[in-house]
Amino acid sequence: MLFLTYWKVNESMPVEDRNEIAMELTREQQFPPDGVELVRWDGTPDGWGIALMEADDFAAVNNALNMWRTAAGTSAFFEETKTAPAAPTEDIIAQQAAMLEDSPAE
């Protein structure tokens, strides 16, 4: 199952601290954790981005995000995150078309 996460880093945390955490988690291959395949991971100059992850369940994705939160200690690595199950848009369109075709006409 695909999960899409929007994230925004905590601008109050010094860039050096954020970068050190990111380098440690990725260099040590702690992120992504077992059970999570990182399909895509993009960031912007404004300190927000997305992560597209594939996992079998909520717990694996929750662990992936919590790795970043706990690595920051008492500081918050993220200012905001939003995560939800996702699917390719063409699959959603086809699913909706099938649902509309099967629904009773008014």
Side-chain angles (χ1 to χ4, degrees):
M1 173 181 261
L2 291 175
F3 292 86
L4 182 64
T5 296
Y6 157 84
W7 51 264
K8 182 170 183 359
V9 295
N10 176 4
E11 296 279 349
S12 297
M13 178 182 277
V15 173
E16 296 83 5
D17 293 351
R18 286 196 316 261
N19 202 55
E20 185 176 321
I21 291 167
M23 288 177 58
E24 182 179 324
L25 289 176
T26 56
R27 180 179 42 231
E28 301 297 326
Q29 297 180 344
Q30 295 175 30
F31 180 81
D34 289 340
V36 175
E37 178 188 344
L38 190 58
V39 177
R40 192 163 174 105
W41 188 20
D42 298 324
T44 69
D46 287 333
W48 65 270
I50 63 102
L52 181 60
M53 298 173 275
E54 189 163 353
D56 290 336
D57 57 28
F58 164 87
V61 173
N62 192 47
N63 288 340
L65 290 172
N66 279 331
M67 293 181 83
W68 291 90
R69 293 178 180 120
T70 58
T74 57
S75 300
F77 189 91
F78 297 115
E79 181 178 306
E80 180 179 10
T81 61
K82 294 179 181 181
T83 302
T89 302
E90 60 270 12
D91 293 352
I92 295 169
I93 293 168
Q95 180 184 21
Q96 289 173 342
M99 184 224 32
L100 291 169
E101 191 175 289
D102 290 343
S103 55
E106 292 186 28

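The figures here come from the full heavy-atom set of this structure, side chains too, leaving out hydrogens, waters and symmetry mates.
- Linking ILVMFWY side-chain heavy atoms closer than 4.5 Å, directly or via other members, places Ile50 and Val61 in two distinct hydrophobic clusters.
- Residues Phe78 and Arg69 share a closest heavy-atom pair of CD1-CG, 4.4 Å.
- Of all non-hydrogen atoms in Val36 and Ala60, the two that sit nearest each other are CG2-O, 3.4 Å.
- Each of Phe58 and Leu65 belongs to its own hydrophobic cluster when Ile, Leu, Val, Met, Phe, Trp and Tyr are linked at side-chain heavy-atom distances under 4.5 angstrom.
- Judged purely by atom type and a 3.5 angstrom limit, Asn19 has no side-chain atom pairing as donor or acceptor with the backbone of Ala22.
- Met53 is connected to Leu25 through a chain of hydrophobic side-chain contacts under 4.5 Å among Ile, Leu, Val, Met, Phe, Trp and Tyr, so both are in one cluster.
- More than 12 heavy-atom neighbours from other residues, nucleotides or ligands sit within 6.0 angstrom of CD on Gln30.
- The aromatic rings of Phe77 and Trp68 lie tilted to each other, with the angle between the two planes from 30° to 60°.
- Here the CD-CZ distance, from Glu54 to Arg40, works out to 15.0 Å after rounding to the nearest 0.5 Å.
- By the 6.0 Å contact criterion, CG on Asp34 is open, its count of non-hydrogen atoms from other residues, nucleotides or ligands being 12 or less.
- Heavy atoms only, all atoms of each residue included: Ala72 and Ile21 are closest at CA-CD1, 3.6 Å.
- By the neighbour-count criterion of 12 heavy atoms within 6.0 Å, atom CG of Asp102 is densely surrounded, having more than that number from other residues, nucleotides or ligands.
- Between Leu38 and Phe31 the shortest heavy-atom distance is CD2-CE2, 3.8 Å.
- By the 6.0 Å contact criterion, CD on Glu90 is enclosed, its count of non-hydrogen atoms from other residues, nucleotides or ligands being greater than 12.
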What side-chain donor-acceptor pairs closer than 3.5 Å can you find for residues 4-15, not counting sequence neighbours?
{"from": "Thr5", "atom 1": "OG1", "to": "Thr83", "atom 2": "OG1", "distance (Å)": "2.8"}
{"from": "Asn10", "atom 1": "OD1", "to": "Ser12", "atom 2": "N", "distance (Å)": "2.9"}
{"from": "Asn10", "atom 1": "ND2", "to": "Ala76", "atom 2": "O", "distance (Å)": "2.8"}

